[in-house]
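Down below is the structure, laid out as structure tokens.
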Protein chains: 2
Amino acid sequence: MDIKSAILQLSSIAQEARLKIFRLLVQAGQEGLPAGNIGETLQIPASTLSFHLKELSHAGLINSRQVSRFIYYSANYDAMNGLLAYLTENCCAGAKDCAPSPTCKPK
Amino acid sequence: MDIKSAILQLSSIAQEARLKIFRLLVQAGQEGLPAGNIGETLQIPASTLSFHLKELSHAGLINSRQVSRFIYYSANYDAMNGLLAYLTENCCAGAKDCAPSPTCKPK
DNA sequence: TCTATATTTCCATAAATATAGAAATATAGT
DNA sequence: ACTATATTTCTATATTTATGGAAATATAGA
């Protein structure tokens with residue numbers, strides 16, 4: 001994971017509508033939800049929703065698959081875990097020994 | 001941690017200059033670094049740097065303290081850990097059992 | 001108080017992002 | 001082929017965010 005990808009992924013969830021979408025998809029499990037369902041639940045117009053889904057897809061945080069006329073979107077857990085791992089490693093947070101001591105040094 | 005705060009913090013690191021600043025401060029340890037030092041290291045003009053530092057401060061991800069003529073900025077590890085905890089809990093990532101199984105359900 | 005250094009604020013501008021209606025596209029049932 | 005439904009793309013507009021020079025502010029040494 002490089003810094004560009006990390007920023008792309010962070011940007012994609014650093015927005016209220018998208019964070020809510022992602023959260024909803026996480027809750028929905030790997031089966032995911034059709035776009036229309038997401039829009040209805042979160043009260044987001046179709047074109048706006050499509051824009052946000054594209055952002056999340058582009059960042060790799062969600063996947064999609066077509067099921068008849070519906071397009072199911074689902075959370076990409078691996079990608080999210082990768083992002084958290086990047087932040088934990090690169091930004092040191094999460095490491096207890098990193099907080100107050102100088103133990104945490106440049107990698 | 002509410003969604004607004006999470007987004008404020010995510011937005012503040014979802015930007016190349018700011019993610020680099022935060023990373024640098026994490027590496028610097030709790031002593032932190034004076035603004036000028038950060039700007040020189042990352043090649044960022046003073047006014048631009050000040051803008052980014054304000055964003056990070058506003059989000060609560062960094063702290064500052066004045067030491068004579070210098071203002072030292074340092075990473076707020078607790079805030080970052082809080083953000084990661086929020087993402088882990090709310091967005092499920094990080095939980096192994098969340099990945100492929102339907103074990104992970106709405107909280 | 002004068003001067004040097006550190007940093008911020010002000011300001012204008014540029015660039016990126018978000019919103020949503022309307023039209024286009026895709027899929028499937030009749 | 002026609003119709004209904006689902007979603008996306010197109011388009012315009014509004015809003016937010018980023019950039020950096022110039023001026024202002026703050027601190028401290030001579």
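Within every chain, numbering begins at 1; the chains are lettered A, B, ... in the order of the sequence lines, protein sequences first and strands thereafter.
- Protein atom CG of B:Leu49 is 11 Å distant from nucleotide atom P of D:dG20, rounded to whole Å.
- Side chain of A:Gln43 to backbone of A:Glu40: a donor-acceptor contact under 3.5 angstrom is found.
- The nucleotide D:dA30 finds its pairing partner in C:dT1, both defining distances of the Watson-Crick or G-U wobble pair being shorter than 3.5 Å.
- Taking atom CZ on B:Phe51 and atom P on C:dT13, their separation rounds to 18 Å, with Å as the unit.
- Residue A:Ser50 has a polar side-chain atom (N or O) positioned under 4.0 Å from OP1 or OP2 of D:dT8.
- The NZ-P distance, from A:Lys54 to D:dT9, rounds to 5 Å in whole Å.
- In terms of phosphate contacts, B:Ser47 brings no side-chain nitrogen or oxygen within less than 4.0 Å of OP1 or OP2 of C:dT8.
- For B:Ser12 (side chain) and B:Gln9 (main-chain N/O), a donor-acceptor pair under 3.5 Å exists by modelled atom type.
- The CG-P distance, from A:Leu53 to C:dT19, rounds to 13 Å in whole Å.
- The side chain to side chain contact (heavy atoms under 4.5 Å, CB included) search around A:Arg69 returns none, not counting sequence neighbours.
- Comparing A:Gln15 and B:Tyr72 along DNA chain C, the residue whose closest nucleotide (by nearest heavy atom) sits nearer the 5' end is B:Tyr72.
- When the options B:Val26, B:Leu61, B:Leu53, B:Thr41 are evaluated for a side-chain contact (heavy atoms from CB on, under 4.5 Å) with B:Ile21, the one that passes is B:Leu53.
- Between B:Ser57 and B:Tyr73, the closest side-chain pair of non-hydrogen atoms falls below 4.5 Å.
- Checking the phosphate oxygens (OP1, OP2) of D:dA18, no side-chain nitrogen or oxygen of B:Thr48 falls inside 4.0 Å.
- Between B:Glu55 atom CD and C:dT8 atom C1' there is a gap of 14 Å when expressed in whole angstrom units.
- Listed for the A:Thr48 side chain is no donor-acceptor partner under 3.5 Å among the backbone atoms of A:Ile44.
- Of the possible donor and acceptor atoms, one in the side chain of A:Asn76 sits under 3.5 Å from a partner among the backbone N and O of A:Gly60.
- Among the atoms of the strands shown, only primed sugar atoms or phosphate atoms (P, OP1, OP2) are found under 4.0 Å from some heavy atom of B:Ala35.
- For the pair B:Phe70 CZ and C:dT8 C1', the computed distance is 16 Å after rounding to whole Å.
- Atom pair B:Ile62:CD1 and C:dT7:C1' shows a separation of 13 Å (rounding to whole Å applied).
- OP1 or OP2 of D:dT17 has not a single side-chain nitrogen or oxygen of B:His52 nearer than 4.0 Å.
- Nucleotide D:dT5 forms a Watson-Crick or G-U wobble pair with C:dA26, both donor-acceptor distances falling under 3.5 Å.
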Can you pull every protein N or O that's under 3.5 Å from an N or O on nucleotides 23-29 of chain C?
none

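- Taking atom CG of residue B:Leu56 and atom C1' of nucleotide D:dT17, one finds them 14 Å apart after rounding to whole Å.
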